[in-house]
Number of protein chains: 2
Amino acid sequence: MSNSGSDGGSGVVQSVDRAIEILELLARTGESGITEIAAHLGVHKSTASRLVYTLQKRELVEQHGERGRFTLGLGVLRFTGAASNQSEIVRVGTPLCEALAEKLGESVHIAVLDGTDVINVCEARGPSAISTQEWTGRPTPPHTSSSGKVLLAAAPRERQELVLSRGLEACAPRTITDPHRLREELERVRKDGYAVAIEEFEPGLHGVAVPVRGKGDDVIAAISASGPSYRMKRTQMRDMVAELRIAAQDLSARLGYARR
Amino acid sequence: MSNSGSDGGSGVVQSVDRAIEILELLARTGESGITEIAAHLGVHKSTASRLVYTLQKRELVEQHGERGRFTLGLGVLRFTGAASNQSEIVRVGTPLCEALAEKLGESVHIAVLDGTDVINVCEARGPSAISTQEWTGRPTPPHTSSSGKVLLAAAPRERQELVLSRGLEACAPRTITDPHRLREELERVRKDGYAVAIEEFEPGLHGVAVPVRGKGDDVIAAISASGPSYRMKRTQMRDMVAELRIAAQDLSARLGYARR
DNA sequence: GGTTATTGTTGCGGTATGAGCAACTCGGGG
DNA sequence: CCCCGAGTTGCTCATACCGCAACAATAACC
């Protein structure tokens, strides 16, 4: 039926691809039954059952009750630590974040776009650390943050449409919820090369972000600074953008991409 | 066929099982090459390559450089949030943790045993929150913490031997590194029904833990309290054990297991 | 309480599909 | 320059996986 996600391609191992699709489905829905999963994949119940059973044996999926519904299992946590330590961008980005946080006096994050979610992959809190809390790994909607806008502005059109079609939920009074306004905003971000978010994620919180580019000038991540509104005035933001740009270029270079 | 080694068993989908084994290998080693992975699985290079390619397309694995080595990718972060929110024990355990942290004035954790690692699945910091940092999801060796001892004491013999055979690394001056002493300690934990750790994980940090039981009285998790040594004297610990026990029983009951 | 609808879990047999082989490309040393 | 190691890719065969259908076990309904 509706193979909404990415239908593999050539060279991929079918059953593995389907298994991963199950995990992603569970991540989205929270919990599902076998029949539902089978329908989503467009396969027979038995096939889905077999796949889920395999995932379950490895503790990537757990079953609530004897014959109940399925959710993601705690086994996936085994991977998170290693992933965030080993992934190249995190490894070289973390010290950069920390240096920058020290210099700017505000929290600094590096985020990537994962499907239609923004995920912060590393974080360094500013010296005055009351403001922000731990966000690493938690997915947030792209339209609510400065990094999200940067990433979205550079994403392929279809991805943008997907985000828009899901609806722009407000998580603060000043969140952009009008599709038309968001489109304009993204246009401006593309032109200026940076994004700001003024109390759009949380009241009293401002942020600025710039893109990090990989080979071929495509945007692979965003680096952002955020802090309380009373410390983030126009002038400070301008200075921050400059600093962030230097850091972004440095990061690109250290990831092995030619700096230009 | 007679799939020797650590293979799932009957009913599992072979390629999916192998793919997960790859992820676990990468989580352990940090990074590996295709040849190494193939050798570990006991399959041909091409097979390993195909599996890795599939994982890579889903961003669960990333490749460093054009023809370089492989590590876990950031795609796995997509799962962590959902896993820790949806897993039953976390969902009902979190409010319990928070209540207890408030009452005891120290940080409270719930941990499970995952393979041979202890993983904290939820956390509530005490009001005086300077002491501990975010540990959720990060695997720690079982012999260094009070929760670890509780979980290990209840684990099947083979699991214990596996931990012992890997060697007991010291992460603080007072970590138990002698296998014989650890065996004695586990015996005592089984008898008393609780465990303590006195500066065994980190200098100046004490902890106490009790088991959480599932159906059939098997231990499925541990709930612990930890804090700086100057606030954790014998008497306080005794009181804490009592409180923890009540909480553990409550948790068991709320997970749907008969309380006795 | 009996009956129906829906759930997830199994044998079983055909075939799509994934495993293995070997040839290939690419890079780094000796 | 040639060799040796890395990872990738056609090609082929049979094996492991998928779909079917019958099965158990709740849940829902009157």
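Sequence lines set the chain letters: A, B, ... in the order given, protein chains first and strands last, and positions in each chain run from 1.
- Look at CG on B/Leu41: it is 13 Å from C1' on C/dA19, rounded to the nearest Å.
- Checked against side chain to side chain contact (heavy atoms under 4.5 Å, CB included), A/Glu59 has the following partners two or more places apart in sequence or in another chain: A/Arg78, B/Asp114.
- A salt bridge links A/Glu21 to A/Arg28: one of the charged nitrogens lies within less than 4.0 Å of a carboxylate oxygen.
- For C/dT9, the OP1/OP2 oxygens have no side-chain nitrogen or oxygen of A/Gln56 closer than 4.0 Å.
- For A/Ser49, whose side chain is taken as the heavy atoms from C-beta onward, the closest listed nucleotide among C/dT9, D/dG7, C/dC21 is C/dT9.
- For A/Val16 and A/Ser46, each mapped to the nucleotide of DNA chain C holding its nearest heavy atom, the one lying further toward the 5' end belongs to A/Ser46.
- Listed candidates were C/dC21, D/dG7, D/dA21. Nearest to the side chain of A/His44 is D/dA21.
- Nucleotide C/dA19 holds its C1' atom 17 Å from the CD1 atom of B/Ile37, rounded to whole Å.
- When all heavy atoms of A/Ser146 and A/Ser224 are compared, the pair lying nearest together is OG-CB, 4.0 Å.
- Residues B/Val150 and B/Val210 approach most closely at CG1-C, 3.9 Å, considering heavy atoms.
- Atom CD1 of A/Ile22 and atom P of C/dG8 are 12 Å apart (whole Å).
- To the nearest 0.5 Å, the span separating CG on A/Leu60 from CG on A/Leu74 amounts to 10.5 Å.
- Atom pair A/Lys45:NZ and D/dC23:P shows a separation of 14 Å (rounding to whole Å applied).
- Between its opening and closing five pairs, the helix from C/dG1-D/dC30 to C/dG30-D/dC1 changes axis direction by 40°, a value rounded to 10 degrees.
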Extract from the structure each pairing of a protein N or O with an N or O of nucleotides 15-17 of chain C at less than 3.5 Å, listing the distance.
unit_1: C/dT17; atom_1: OP1; unit_2: A/Gln14; atom_2: NE2; d: 2.9

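- Along DNA chain D, the nucleotide nearest to B/Arg50 and the one nearest to B/Thr35 differ in position, and the one closer to the 5' end is contacted by B/Thr35.
- The listed nucleotides are D/dG19, D/dG7, C/dG20; the one nearest the side chain of B/Gln63 is D/dG7.
- Summarising the geometry of A/Leu186 relative to A/Lys149, their closest heavy-atom pair is CD2-O, 3.6 Å, with the distance given to 0.1 Å.
- Contacts of B/Ala170 classified as side chain to side chain contact (heavy atoms under 4.5 Å, CB included), with partners at least two apart in sequence or in another chain: B/Thr175, B/Thr177.
- When heavy atoms are screened at a 4.0 angstrom cut-off, A/Val52 is found touching no nucleic acid atom at all.
- When the C1' atom of D/dC18 is taken as reference, atom CD1 of A/Ile34 falls 15 Å away, rounded to whole Å.
- For A/Ala154, the side chain to side chain contact (heavy atoms under 4.5 Å, CB included) partners at least two apart in sequence or on another chain are A/Val219.
- Taking the side chain to side chain donor-acceptor pair (under 3.5 Å) definition, one finds that B/Ser32 meets it with B/Thr29, sequence neighbours left out.
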